[in-house]
Amino acid sequence: VSAPSAAGPGPAAPTASPAGPAAPRPRRWRPVAPAWLPTIRAQLILGVTAVHLMLVAGLTVEVVTRQRSFLTQQSREEAEGLARLLALNSSSWVLANDVAGLGEMVAALREHADLRYAVVASTGGQVLAHTDPGKVGLHLTDPQSLAVLQGPPLLQVVHADEALLDVAAPVFSSTGDCIAWVRIGEGQEAITRNLAAVRRDGLVLGLAAALLGAAFAAAVGFRLTTRTRHLLSISQGVRAGRTDLRANLGGGDELAQLGAGFDAMLDGIQARECENARLEAELLHAQRLESVGRLAGGVAHDFNNLLTAIVGNAELIRDQLPEGDLRTSAGEILEAGRRAAEVTRGLLAFSRKQLLSPARLDLREVVRGTDRLLARLIGEDIQVVLRTSEEALEVVGNRAQLEQVLMNLGTNARDAMPAGGTLTIEVSSAELPDAEVAARGLRSRRLALVAVRDTGCGMDPATRSRIFDPFFTTKEVGKGTGLGLSMAYGILRQHGGCIEVQSEPGRGTTFLLYLPLAPATGPDVAAVRSTPAPTDAPVRPVTAGAVGAVGVPGQETILLARVRGALDHRGRESGS
Amino acid sequence: VAALAGCQVEPRATYAPSYGARPARELAVYRLAVHPLHNPQRLAEVYGPIVAHLNQRLGGPVLQLEAARSYEEFESKLYGRNYELALPNPHQTLHALHSGYRVFGKMGDDQRFRGLILVRRDAGLLRVEQLRGTTVSFPAPTALAATMLPLWYLHTHGLDANRDIRRRYTGSQESSIMSVYLGDSAAAATWDVPWEAFQRSRPEMAAALVVRWITDPLLNNSLMARDDVPPDLVQRVGALLFALHESPEGARLLAQIPISRFEPASAETYGPVQAFLDTYERTIQ
C-alpha cells in the first residue's frame, strides 16, 4: 500500500518495457501510517507513551499480584500462628472452664492491629471468651462455624477473602482430646491498603515514565521532524531552481548523514550545472569565434585579392616614377599595402584559411626550436624556462605556424611582464575525458599539451573572455594588431587542437595548447588537410627577380591585370 | 491504569461468625468438676479417660470434665452451683450439701485418704517440735487430707498449729510439694494421691524429699450431683462408676487416680467428717 504522493511532480513511475515483460522487481516494504497519526513525531510520542504505560501497567499488575500473594500468605501465617498460640495457652483455662482467665488472654490479643475478633469456644460452640465480651456465653450458629465444630480437629482456614481471614485451631488437652476451638479473625484491610499503595505508586511511576517518555519522544521527534522538514524545504527550493541551498544538518546521526548526502548531491548538481554553463559559454564563444572567423576569412579573402592588385600596381607605379614626392607616395602606398597584407594574413590564419604543409613533428623539437627566437624577442628581464617531457610527442602540423603561435604567446607574455618575470613553457602529454574532448571539439583523447605560463599582470574575466576575438587588444594603439591570439586560436583549431587560457589579475596567465597526438604509424596529414583549404593564397608581394615561370594563383580579373601589368613592366625593363 | 491505581475499593466483608443465645444443636452437657487434686492438664489426663468412658456408655447426655485452677475457684463455682456433677473433697462435700448438691457416691480406699508431711532428706527434721518457728506449706485451707489432717496432726503432736508455725497456702498440691523442695518451707503437707503422682512425674525431686509424718485416714472424696440433674442420669453415672473396678478397662482407669473403686455413698456417710470438722474448726483458726 502506498500513500498518495505529495503534491507536485514526482518521479515518474517505472513502466514496463515495450520490448517485453518487465523483470520482477524486488518488493519494497512500505509502512502504513494511520490517518490519525500523520507525523513521525505524533507516532513517536504516542508509541513511546503507550509502551511506557503498558510496561508500567504490566509491572504494576505483576507486583500487585505477587504482593497480594505474599501478604495473604503472611497474614495467613500470622493468623494461624496466633490461633495456634492461643489454643496452646488456652488448654488449662478451658479445662478449668476459667472464662475470666480466657477472657484476659483474648483481651491481650486486641493489641494486634488487624485482629477483628478472637474467640475461644467450647466444642459445643459456646463462646468461652471473645474480644467482644458481650458475646461470651452465646453460641456460634453460622454454618461455617458449625462445620468446624463438627469436623476433624485440624488447624484450618474457615473463611478467606479480601476483607477477612478466619482461622480455626483446636484446643487440645494433654491427652490429645479436642476440648475447645479458637477462632481468629484477621482483617485484610492492611493488605488492601498496601496493594492500593503499590497501585498508586505504579500509577505515579507510570505517569512519570509516560511523561518522561513522551517528553523524550517529543524532543527526538521535534529534532527529527524539524530536520526532515528542513530537508523537505531544501528539496522544494531545489525543485524551484535554487541550487545554492544546503541542508547543513549538524550531528552524526542517520539524518545528519542523509543531510550530508543530500548536500553532496546538491554540490554535484551545482558543479555539473556550472560545468555545463562553462562548457556552454565556451561553445558559444567558439561559435562566435567561428562566425567571426568565417566573416573575417571571407573579407580577408576578398581583401587579399584587392590588396594584391593594390600592392602590385603600387609597386609598378613606384618603379616607373622618378625620384620625388610621387615616388615617395607610391612607396607609402606600397608600405600600407604590405601592412594590410599582414592583417589579412592574420585574419586568414584566424579563419583557418591558410595553406598548410603538414608534417609529422615532435612537438618538443618545435618548442625547443623557438627557444632562441623567444629569448631574443622577449629580452633579458624575462627568464625563459623550458620543460619538455622525455617521451616524444609527435603531432601532425605545420612547424612555421606552430612556431608563429609560440612567438605570439611569447610576445604577449613579454608585454604582460614589463618589469620582468618568468616565462615557462612545458610540453607534456595529456588525456582528457570524453566529455571534455567533445566539449572542446577535439578529435582525440590523447593529446600533446603545451603550457605557456607567465608571471605577468594577468587578466580580468572580461578581458579573458575576448582575447581570442580578432582585433581585440589591450595594448596601446599602434603596438598590436589584435590578431596574435586570434591567429593562435585559428592555427590550433586548424591543427585539430584548441587553445585555452587561465588567468586572474595579478596571478599571471597560462595558455594551454592542446594538439592531438599523431597515430603511431605513418604521417597523418588528412586531419590537417581536411580543414577547408583556402582558395586564396596569402598576399605575397611580388618582387623583381622573384618570378620565373609564374603561376597564377587566382582567376580574378584584377589579379590578372595586375600580373599582366607587372610582366609588361618587366618585359619593357628587360626588353624580352 | 486508572482502574489499577485510582479505584481503591474498600473490600466489603462477606462473612462474620454469627451468634445466638441457644446452640445450633441442642446437646445436654453436664459438667463434671473435680476439685484441684492436680493441675488442670494432669487432671484431664487422669479423669479425662473416665469421663470419655462414661460418655461412651451414657448414649445421650454428654459429660464434660472441668478442672479448676485453685480451690477457691472450684469452691466458688461449686457453691455457686456451676457444676452439675462434682467430685469435691469431704470438707467441700459438707459445704456443698448446703448449695443443693447431694452425695451419690465416693472414692473407695478411705485408708489412703490421709495427710502426709514431707521434709527434705537433708533437713535433719525428725521430730515435730523441730518445725517450731518454721514455715509449712499447704495446698489450701479447705484441703481436708492435705491441709486439715496435717495441721491437726501437728497440733496434736506437740505444736500449736495456730502459733508455732507459719502457714503458706500454695494453691495446689504440687506447689506445696515444690515449696519444700525449693526450701521455701521446712515441711509440706499433701496426701497420697498427689505425692505418688509427683514421684512418678519428677522422681529426681521426689528423691530429695521424704515423708516424715502420716496422719490418720478419713473418708475419701465424694461424688455429688446438683439437685436439678435428672436422677436417672445420676443413677446411670453412679452405676457406671461403681462398676468400673469390675472390668480390666475400668480397673486401668481407676489405677490412674489411683483408687481401687468408686462406691455408693450418701450425706450420712460423711458424718465422721462433720464431727472432725467441728472439732478442727473450734481448734484451728
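Per chain, numbering begins at 1; letters A, B, ... match sequence-line order.
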Most contact-rich option vs chain B, by heavy-atom pairs under 4.5 angstrom, among A/Gln150, A/Arg183, A/Met54, A/Gln126, is A/Arg183

(message) For a 4.5 angstrom cut-off between non-hydrogen side-chain atoms, does A/Glu162 reach B/Thr14?
(response) no

Those residues of residues 92-104 of chain B that come under 4.5 Å of chain A on a heavy-atom basis, listed by number, are none

One option among B/Ala44, B/Pro40, B/Ala16, B/Ala21 has the most heavy-atom pairs under 4.5 Å with chain A, and it is B/Pro40

**Request:** Evaluate the criterion side chain to side chain contact (heavy atoms under 4.5 Å, CB included) for residue pair A/Asn97 and B/Arg31; output intermediate values, then yes/no.
**Result:** CA-CA 10 Å; A/Asn97 198 22; B/Arg31 286 165 291 184; 3.6 Å; yes

For this session: May I ask you to test the B/Tyr15-A/Asp166 pair for a side-chain heavy-atom distance under 4.5 Å?
Result: yes

Margin query: Is it the case that the side chains of B/Glu45 and A/Ser174 hold a donor-acceptor pair, with the cut-off being a distance below 3.5 Å and no angle test?
Written below: yes

Do B/Gln41 and A/Ser91 meet the criterion of a side-chain donor-acceptor pair at a distance under 3.5 Å?
yes

By residue number, those in residues 65-79 of chain A with heavy atoms under 4.5 Å from heavy atoms of chain B are none

Turns out that what part of A/Val119 lies under 4.5 Å from chain B's heavy atoms comes down to side chain

Among residues 69-80 of chain B, residues within the sub-4.5 Å heavy-atom range of chain A, in order of number, are B/Arg69, B/Glu73, B/Lys77

By residue number, those in residues 127-140 of chain A with heavy atoms under 4.5 Å from heavy atoms of chain B are A/Val127, A/His130, A/Lys135, A/Leu138, A/His139, A/Leu140

